[in-house]
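Here's the structure we're looking at; comments come further down.
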Amino acid sequence: QVQLVESGGGLVQAGGSLRLSCAASGRTFSPYVMGWFRQAPGKAREFVSAISWSRGNTYYADSVKGRFTISRDNAKNTMYLQMNSLTPEDTAVYYCATTSRVVSSTQVTGVRSYDYWGQGTQVTVSS
């Protein structure tokens, strides 16, 4: 099994920055794609960003392009999300997730593509 733990959430003002981390552990950890999703109160969980573990190909939701940067440290089994120019619409619980199989570029944005999830970390952006 794979365990994922997010950290780095908090309260920031609009225009500020925050960096989230996702530490992975477990037997035979070798993900194909890891991603970030977020969920605001009363809304469905939505895709934010993803990265292929071996090659580092990145994917971003249109709403965060140019503001967020995803990265990973393979040696540390850790994924990061650098969030800049934050707005109140970014307020949500952010979840880390990983696939256990190869998925297409279309599928990386889908919640159903991911098999393991972290507990989430709260990000609140004030105006």
Side-chain angles (χ1 to χ4, degrees):
Q1 288 289 306
V2 175
Q3 293 80 46
L4 304 173
V5 180
E6 304 95 335
S7 62
L11 174 64
V12 297
Q13 292 186 332
S17 299
L18 206 61
R19 190 179 81 151
L20 305 183
S21 298
C22 173
S25 63
R27 182 181 178 183
T28 316
F29 179 71
S30 184
Y32 292 95
V33 178
M34 293 189 70
W36 291 97
F37 290 76
R38 66 187 182 186
Q39 188 166 25
K43 298 182 67 177
R45 191 168 298 186
E46 66 174 355
F47 171 77
V48 177
S49 185
I51 187 168
S52 65
W53 204 246
S54 60
R55 301 182 65 179
N57 296 324
T58 58
Y59 309 84
Y60 295 95
D62 289 341
S63 59
V64 305
K65 286 181 180 178
R67 300 189 299 120
F68 291 10
T69 303
I70 191 171
S71 62
R72 85 277 193 257
D73 187 330
N74 298 47
K76 294 182 178 180
N77 291 336
T78 302
M79 178 177 65
Y80 306 94
L81 185 67
Q82 178 66 47
M83 306 185 294
N84 299 325
S85 302
L86 287 163
T87 76
E89 291 190 342
D90 296 314
T91 295
V93 176
Y94 283 69
Y95 297 91
C96 169
T98 182
T99 68
S100 61
R101 65 192 189 282
V102 175
V103 298
S104 69
S105 59
T106 300
Q107 292 175 317
V108 299
T109 64
V111 170
R112 303 295 191 272
S113 297
Y114 296 81
D115 304 294
Y116 301 99
W117 295 82
Q119 83 288 349
T121 185
Q122 177 70 47
V123 171
T124 303
V125 184
S126 64
S127 59

* Asked: Hey, is the main chain of Tyr80 close enough, under 3.5 Å, to the side chain of Arg19 for a donor-acceptor pair?
  -> no

* **Pairs meeting criterion side chain to side chain donor-acceptor pair (under 3.5 Å) with involvement of residues 5-17, two or more places apart** => Glu6-Gln119, Ser17-Asn84

* Asked: Do Asp90 and Met83 have side-chain heavy atoms sitting under 4.5 Å apart?
  -> no

* Is it true that Val64 and Ile70 fall in one hydrophobic cluster, defined by side-chain heavy atoms closer than 4.5 Å? -> yes

* Could you tell me whether a side-chain N or O of Asn74 sits under 3.5 Å from a main-chain N or O of Trp53, the two making a donor and an acceptor? => yes

* To do: Report yes or no: does Thr78 contribute a side-chain atom to a donor-acceptor pair with the main-chain N or O of Ala23 at less than 3.5 Å?
  => no

* For residues Cys22 and Met34, report the shortest heavy-atom separation together with the two atoms involved. => SG-CE, 3.9 Å

* Any side-chain heavy-atom pair from Met79 and Leu81 closer than 4.5 angstrom? -> no

* Structure fact -> For Ala40 and Ala92 the tightest heavy-atom approach is N-CB, 3.8 Å

* Does the side chain of Ser52 come within less than 4.5 Å of Tyr32's, by heavy atoms? -> no

* To the nearest 0.5 angstrom, please state how far the CD atom of Gln122 sits from the CG atom of Leu11. => 9.5 Å

* To do: Determine whether Val2 and Val33 fall in the same hydrophobic cluster, where Ile, Leu, Val, Met, Phe, Trp and Tyr are linked whenever their side-chain heavy atoms lie under 4.5 Å apart.
  => no

* To do: Side-chain contact test, heavy atoms from C-beta onward, threshold under 4.5 Å: evaluate it for Leu86 versus Phe68 and give yes or no.
  => yes

* From Gln1 atom CD to Ser100 atom OG, the distance as rounded to the nearest 0.5 Å -> 10.0 Å

* To do: Scan for salt bridge (charged side-chain N to carboxylate O under 4.0 Å, His left out) pairs involving residues 42-58, sequence neighbours excluded, and state none if there are none.
  => Arg38-Glu46

* Within a strict 4.5 Å, meaning less than it, do heavy atoms of the Val48 and Tyr95 side chains meet? -> no

* Asked: Is the closest side-chain heavy-atom distance between Tyr60 and Thr69 below 4.5 Å?
  -> yes

* When clusters are formed by joining ILVMFWY residues with side-chain heavy atoms under 4.5 Å apart, either directly or through shared neighbours, do Val12 and Leu20 land in the same one? -> yes

* Distance (rounded to the nearest 0.5 Å) between Ser21 OG and Arg72 CZ -> 15.0 Å

* Same hydrophobic cluster for Trp36 and Leu18, using side-chain heavy-atom links shorter than 4.5 Å among ILVMFWY? -> yes

* **Partner set under ring-ring contact (aromatic ring centres under 6.0 Å, His included) for Tyr94, not counting sequence neighbours** => none

* Tell me, which pairs form a ring pair (Phe, Tyr, Trp, His ring centres under 6.0 Å) where one or both residues lie in residues 106-127, sequence neighbours left out? -> Phe37-Tyr114, Phe37-Trp117

* **All pairs passing salt bridge (charged side-chain N to carboxylate O under 4.0 Å, His left out) where residues 98-123 contributes a residue, at least two apart** => Arg101-Asp115

* To do: Return each pair, listed once, that meets side chain to side chain donor-acceptor pair (under 3.5 Å) where at least one residue sits in residues 102-111; pairs must be two or more places apart or across chains.
  => Ser104-Gln107

* If Ile, Leu, Val, Met, Phe, Trp and Tyr residues are connected whenever their side-chain heavy atoms lie under 4.5 Å apart, and connections chain through other members, are Phe47 and Val93 in the same group? -> yes

